[in-house]
S.K.: 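My questions will all concern the structure given below.
A note on names: the letters A, B, ... follow the listed sequences, proteins ahead of strands, and every chain is numbered from 1.
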Number of protein chains: 2
Amino acid sequence: MTLSEENYLKALYHLAKDAKEAVSTNAIAEVMETKASSVTDMIKRLSEKKLVKYKRYQGAKLTEEGKLYAVNVIRKHRLWEVFLVEKLNFSWDEVHEVAEQLEHIKSDKLIEELDVFLDYPSVDPHGDPIPDKHGNIQPLPKVLLATLKVGEKGVCVGVKNSSKEFLQYLDKLEISLGNELTVLSKEPFDNSVSIGMGNTKISVSSLTANNLYVKKV
Amino acid sequence: MTLSEENYLKALYHLAKDAKEAVSTNAIAEVMETKASSVTDMIKRLSEKKLVKYKRYQGAKLTEEGKLYAVNVIRKHRLWEVFLVEKLNFSWDEVHEVAEQLEHIKSDKLIEELDVFLDYPSVDPHGDPIPDKHGNIQPLPKVLLATLKVGEKGVCVGVKNSSKEFLQYLDKLEISLGNELTVLSKEPFDNSVSIGMGNTKISVSSLTANNLYVKKV
DNA sequence: ATTAAAATTTAGACAAAGCTAAAAATTTAT
DNA sequence: ATAAATTTTTAGCTTTGTCTAAATTTTAAT
Ligand SMILES: [Mn+2]
Ligand SMILES: [Mn+2]
Ligand SMILES: [Mn+2]
Ligand SMILES: [Mn+2]
């Protein structure tokens with residue numbers, strides 16, 4: 001499997017996660033930052049290899065084999081992200097690009113030993129679960145901050161949007177995973193949320209509250 | 001720079017190390033396990049990029065810029081080999097293939113932090129020196145076991161041939177880097193060398209003695 | 001000094017992965 | 001039910017890196 005094929009499988013996986021139906025050519029083209037015609041070519045190749053189910057004009061869908069392959073790449077990506085943060089002093093907004101490269105290194109021993117070395121982490125620096133070596137993913141109970149009612153408490157456990165911009169903004173607000181917060185009030189006008197954290201009190205926009213996962217406590 | 005270009009630069013560097021003259025197309029083709037015609041194409045591309053000096057039918061030679069690039073890839077290769085052995089329980093005969101992949105990961109921070117994490121190692125698991133970030137290589141004083149005279153002592157510090165077969169053979173003989181040995185006798189008939197190591201005494205072939213580096217003590 | 005052999009380069013093809021422009025199918029709007 | 005708009009596919013071209021076969025240059029042998 002080539003690097004490019006692996007990236008398409010990953011994209012297919014992430015796009016199909018919620019939607020159960022086949023994924024459209026354009027949707028893939030958008031996340032892959034490429035042209036629809038290129039997507040059609042690649043989907044045909046992956047279909048030849050039985051990793052994707054494809055009917056002309058009807059979109060694409062991972063087969064079980066394709067899904068397993070995709071999950072394995074995601075496992076590598078997330079383990080490397082943990083390594084970069086825990087061992088090499090990377091911050092959570094710096095790891096993604098490097099992990100995008102490292103996830104394509106081919107060596108079973110490498111990834112198993114990395115898992116041992118990191119002491120079997122269950123989530124990556126963005127709170128995303130790390131699939132085990134069989135491709136099983138432990139889903140953690142988490143909800144968006146925006147869904148908490150006034151008075152409820154939660155611990156930050158993940159981000160939905162893990163763009164550099166959002167992560168750096170959270171850093172500026174001193175919001176880190178593990179922090180406990182309380183919803184003090186919600187503003188009906190713009191859906192902003194006022195939260196208490198430690199002994200500070202801040203207000204975050206609706207957009208922010210809809211991209212930060214918490215675990216209710 | 002592509003992965004393939006980087007591999008050619010590395011090959012050029014290793015081939016030109018001893019020989020000061022230009023490297024022949026066939027010599028490159030051999031180590032790259034490819035055809036001479038492919039080498040000609042690539043050398044032209046690298047020449048366009050000013051990384052290689054090239055005159056038709058006259059072989060190729062790295063420019064200063066090309067040499068620096070090559071040394072940097074070698075630095076990455078060797079640091080990753082140290083990581084694999086020291087942190088991930090790889091043995092010295094398992095690291096090369098994986099390091100061949102890891103050496104192409106592009107991230108300055110990654111390699112600098114890896115160097116810090118490993119505490120600035122000076123040699124890789126095969127005793128080869130690790131260039132510093134400026135491309136300087138500290139040459140260690142080492143000689144082939146075959147050059148020691150009867151009665152002389154040495155510490156194993158490296159291998160000239162680092163093929164899996166040779167490394168595994170050394171493992172079987174329980175010869176590791178750091179071991180001290182004494183030359184007990186040399187057999188004129190086949191140039192084999194009898195050595196004492198700890199409280200054992202073994203005889204190694206001329207070929208072996210010509211591929212094991214020691215530091216005289 | 002020719003000729004033969006070996007090394008090197010060129011020409012032409014191919015696969016992967018991308019692109020643009022045009023054609024075809026599907027979806028949406030009237 | 002047509003027509004218009006959108007989506008998707010096809011056709012043809014490009015680049016990287018490889019190959020084989022043929023041509024060229026260099027080196028070695030008579
Ligand atoms: Mn990531
Ligand atoms: Mn992540
Ligand atoms: Mn190596
Ligand atoms: Mn090595």
Side-chain angles (χ1 to χ4, degrees), chain A residues 1-13 15-16 19-62 66 69-70 73 97 100-101 103-106, chain B residues 1-16 19-62 66 69-70 73 100-101 103-106:
Chain A
M1 293 285 290
T2 68
L3 183 147
S4 195
E5 288 173 332
E6 291 186 343
N7 284 337
Y8 273 92
L9 291 181
K10 239 189 354 161
L12 259 299
Y13 181 86
L15 284 167
K20 279 287 163 175
E21 325 89 52
V23 179
S24 80
T25 303
N26 268 357
I28 301 168
E30 178 153 4
V31 307
M32 293 295 295
E33 294 180 47
T34 183
K35 294 294 146 77
S37 55
S38 306
V39 173
T40 301
D41 282 355
M42 179 58 90
I43 290 300
K44 280 182 187 163
R45 271 199 290 278
L46 292 173
S47 179
E48 287 291 313
K49 297 192 179 186
K50 307 280 184 205
L51 295 164
V52 157
K53 233 171 301 173
Y54 168 68
K55 269 208 288 288
R56 269 161 84 255
Y57 292 100
Q58 309 299 196
K61 211 165 156 287
L62 289 176
Y69 201 107
V73 176
E97 294 94 321
E100 281 293 314
Q101 299 179 61
E103 71 188 6
H104 302 293
I105 303 290
K106 280 158 190 73
Chain B
M1 293 284 290
T2 69
L3 183 146
S4 195
E5 288 174 330
E6 291 186 343
N7 284 337
Y8 273 91
L9 291 182
K10 239 190 353 161
L12 259 299
Y13 180 86
H14 286 307
L15 283 168
K20 278 287 164 175
E21 324 88 53
V23 178
S24 79
T25 303
N26 269 358
I28 301 168
E30 178 152 5
V31 308
M32 292 296 293
E33 294 181 48
T34 184
K35 293 293 146 79
S37 55
S38 306
V39 173
T40 301
D41 281 355
M42 180 57 91
I43 290 300
K44 280 182 187 164
R45 271 199 290 278
L46 292 173
S47 178
E48 287 292 312
K49 297 192 179 186
K50 307 282 184 202
L51 295 164
V52 157
K53 235 171 300 172
Y54 168 68
K55 269 207 290 286
R56 269 161 84 254
Y57 292 99
Q58 308 299 178
K61 211 163 157 296
L62 288 176
Y69 201 107
V73 175
E100 282 293 315
Q101 299 178 60
E103 71 188 5
H104 302 291
I105 302 290
K106 278 158 191 72

S.K.: Where each residue is assigned the nucleotide of DNA chain C containing its nearest heavy atom, which of A/Met32 and B/Gln58 is assigned the position nearer the 5′ end?
M.R.: B/Gln58
S.K.: Under the 3.5 angstrom rule, does the side chain of A/Lys106 hit a backbone N or O of A/His104 as a donor-acceptor pair?
M.R.: yes
S.K.: Would one find a side-chain N or O of A/Arg56 under 4.0 angstrom from OP1 or OP2 of C/dT26?
M.R.: no
S.K.: Indicate whether OP1 or OP2 belonging to C/dA6 is found under 4.0 Å from a side-chain N or O atom of B/Asn26.
M.R.: no
S.K.: Rounded off to whole Å, could you give me the NZ-to-C1' distance for the B/Lys44 and D/dT15 pair?
M.R.: 16 Å
S.K.: Taking atom P of D/dG17 as reference, at what distance in whole Å does atom CE of B/Met1 sit?
M.R.: 9 Å
S.K.: Confirm from the modelled atom types if B/Ser37 and D/dT20 form a donor-acceptor pair under 3.5 Å, side chain to base only.
M.R.: yes
S.K.: With a 4.0 Å limit, can you tell me whether A/Thr2 has a side-chain N or O closer than that to the phosphate oxygens OP1/OP2 of C/dA17?
M.R.: yes
S.K.: Please determine whether a side-chain nitrogen or oxygen atom of A/Lys35 lies at a distance below 4.0 Å from atom OP1 or OP2 of C/dG18.
M.R.: no
S.K.: Nearest whole angstrom, please: distance from the P of C/dA6 to the CD of B/Glu30.
M.R.: 16 Å
S.K.: Using whole Å, what does the distance between atom C1' of nucleotide C/dA16 and atom CG of A/Leu3 come to?
M.R.: 12 Å
S.K.: For the side chain of B/Thr25, starting at C-beta, report the closest nucleotide among D/dC19, C/dA17, C/dT8.
M.R.: C/dT8
S.K.: Does OP1 or OP2 of D/dT18 have a side-chain N or O of B/Ser38 closer than 4.0 Å?
M.R.: no
S.K.: Can you measure B/Glu48 atom CD to D/dT16 atom P for me and round it to whole angstrom units?
M.R.: 11 Å
S.K.: Could you tell me whether the side chain of B/Tyr57 has a donor or acceptor atom within less than 3.5 Å of a complementary atom in the base of D/dT24?
M.R.: yes
S.K.: Can you tell if the side chain of B/Val73 reaches within under 4.5 Å of the side chain of B/Leu9, non-hydrogen atoms only?
M.R.: no
S.K.: CD1 of B/Ile43 versus P of D/dT16: gap in Å, rounded?
M.R.: 16 Å
S.K.: Any base atoms under 4.0 Å from A/Ser4, or only sugar-phosphate, or nothing? Heavy atoms, all strands.
M.R.: sugar-phosphate
S.K.: Could you state the atom-to-atom distance from CZ of B/Arg45 to P of D/dT16 in whole Å?
M.R.: 7 Å
S.K.: A/Tyr8 and side-chain contact (heavy atoms from CB on, under 4.5 Å): which partner among A/Leu62, A/Val31, A/Thr34?
M.R.: A/Thr34
S.K.: Would you call A/Glu5 and A/Leu51 a side-chain contact if the rule is heavy atoms closer than 4.5 Å?
M.R.: no
S.K.: Is there a donor N/O on one and an acceptor N/O on the other, under 3.5 Å, for the side chain of A/Ser24 and the base of D/dT8?
M.R.: no
S.K.: Using whole Å, what does the distance between atom P of nucleotide C/dG18 and atom CD1 of A/Ile28 come to?
M.R.: 12 Å
S.K.: Hey, does A/Thr25 have a side-chain heavy atom less than 4.5 Å from the side chain of A/Tyr54?
M.R.: no
